[in-house]
Amino acid sequence: MARFLIGKILVRDHPDGRTSGRIVETEAYPPGDASGHAFRGETPARRSLFLRPGHGYVYMAYGSSYCFNVSSEPAGIGAGVLIRALEPLEGIATMQRRRGIETLRDLARGPGRLATALAIERDLDGIDLCVKGPLWLATAALPIDAIAVSVRIGISREAHRLRRFYERGSPYVSGTRRLNAG
DNA sequence: AAGAAGATTCGCT
DNA sequence: GCGAATCTTCTTA
């Protein structure tokens with residue numbers, strides 16, 4: 001699913017208006033991955049990861065940033081895909097205001113930044129992304145060759161695994177040159 | 001009840 | 001590239 005989501009469009013419908021972006025970077029946290037939030041079993045805070053595929057899991061990281069995931073395994077099995085970066089499409093002025101910056105390239109480059117840009121907070125935890133609502137996914141096609149793979153960012157456990165996917169050449173992808181070369 | 005770790009970001013050097 | 005800020009969750013006493 002992490003690979004499948006590259007190129008899809010994440011749409012946020014909010015009283016402020018619509019904001020949306022193309023997903024250009026993801027990371028997989030499959031069942032049994034020691035870095036995954038579902039690794040130690042289901043708890044109230046992690047329950048969304050155990051929902052049917054296509055539900056949102058939102059949590060606060062380091063006290064300052066929200067991160068957004070898409071549940072990826074059948075009900076009862078905990079796993080998810082972290083959305084790490086978007087290419088801004090609609091509502092760019094709104095995103096700029098929420099982020100407090102102008103630079104298009106940095107509006108949604110990074111998991112915490114995209115959550116801020118789209119006003120994704122804990123109230124969206126558990127939402128069904130396959131139904132048009134406050135937050136949903138629109139389909140789009142992308143050539144297989146456009147997707148590259150690398151190790152994941154900011155974790156210590158199972159760090160060598162090739163579970164990060166991104167759009168090759170996109171300036172909206174996070175991480176360093178080394179990680180984006182592939 | 002207290003402490004450590006963590007899927008980050010921003011400002012400086 | 002480095003370190004602080006910040007808070008939720010889980011572990012240990």
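Every chain is numbered from 1, with letters handed out A, B, ... down the list of sequences.
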Nearest-angstrom distance from the residue atom OH of A/Y59 to P of C/dT8: 14 Å
Between B/dG6 (P) and A/D33 (CG): distance, integer Å: 14 Å
hydrophobic_cluster_shared for A/Y172 and A/M95, side chain cutoff 4.5 Å: yes
Out of B/dT8, C/dT9, B/dT9, whichever nucleotide has its closest atom nearest the side chain of A/R122: C/dT9
Residues A/R164 and A/S150: side-chain donor-acceptor under 3.5 angstrom: yes
Whole angstrom value for the distance that separates C1' of B/dT8 from CZ of A/F68: 17 Å
Euclidean distance, atom OH of residue A/Y62 to atom C1' of C/dC2 [Å, nearest integer]: 15 Å
Of the listed nucleotides B/dC10, C/dC7, B/dT8, the one nearest the side chain of A/R113: B/dC10
Distance test, side-chain N/O of A/T43 to OP1/OP2 of C/dC10, below 4.0 Å: yes
Stacking of A/Y29 on B/dA7 base (centres under 5.5 Å, planes under 30°): yes
Evaluation steps, side-chain hydrogen bond (donor to acceptor under 3.5 Å, both in side chains), between A/S174 and A/R109: CA-CA 5 Å; A/S174 76; A/R109 192 168 63 83; 6.0 Å; no
Value in whole Å for how far the C1' atom of B/dT8 lies from CG of A/L107: 17 Å
Between A/Y57 and A/R46, a side-chain donor and acceptor under 3.5 Å: yes
Separation of atom CD in A/E42 from atom C1' in C/dT9, rounded to whole Å: 15 Å
Under 3.5 Å side-chain donor-acceptor pair for A/E87 and A/S170: no
Phosphate contact (C/dT9 OP1 or OP2) by A/R40 side-chain N/O below 4.0 Å: no
Nucleotide of B/dA7, B/dT8, C/dT8 approaching A/L49 most closely (side-chain heavy atoms): B/dA7
Between B/dT9 (P) and A/I101 (CD1): distance, integer Å: 11 Å
Which nucleotide in C/dT9, B/dA7, B/dT9 has an atom nearest any side-chain atom of A/A45: C/dT9
Side-chain N or O of A/S156 closer than 4.0 Å to phosphate OP1/OP2 of B/dG6: yes
Whole-Å distance separating the NE2 atom of A/H160 from the P atom of B/dA7: 17 Å
Phosphate OP1/OP2 of B/dT9 contacted by A/R99 side-chain N/O (<4.0 Å): no
Base paired to B/dG11 (Watson-Crick or G-U; both N/O distances under 3.5 angstrom): C/dC2
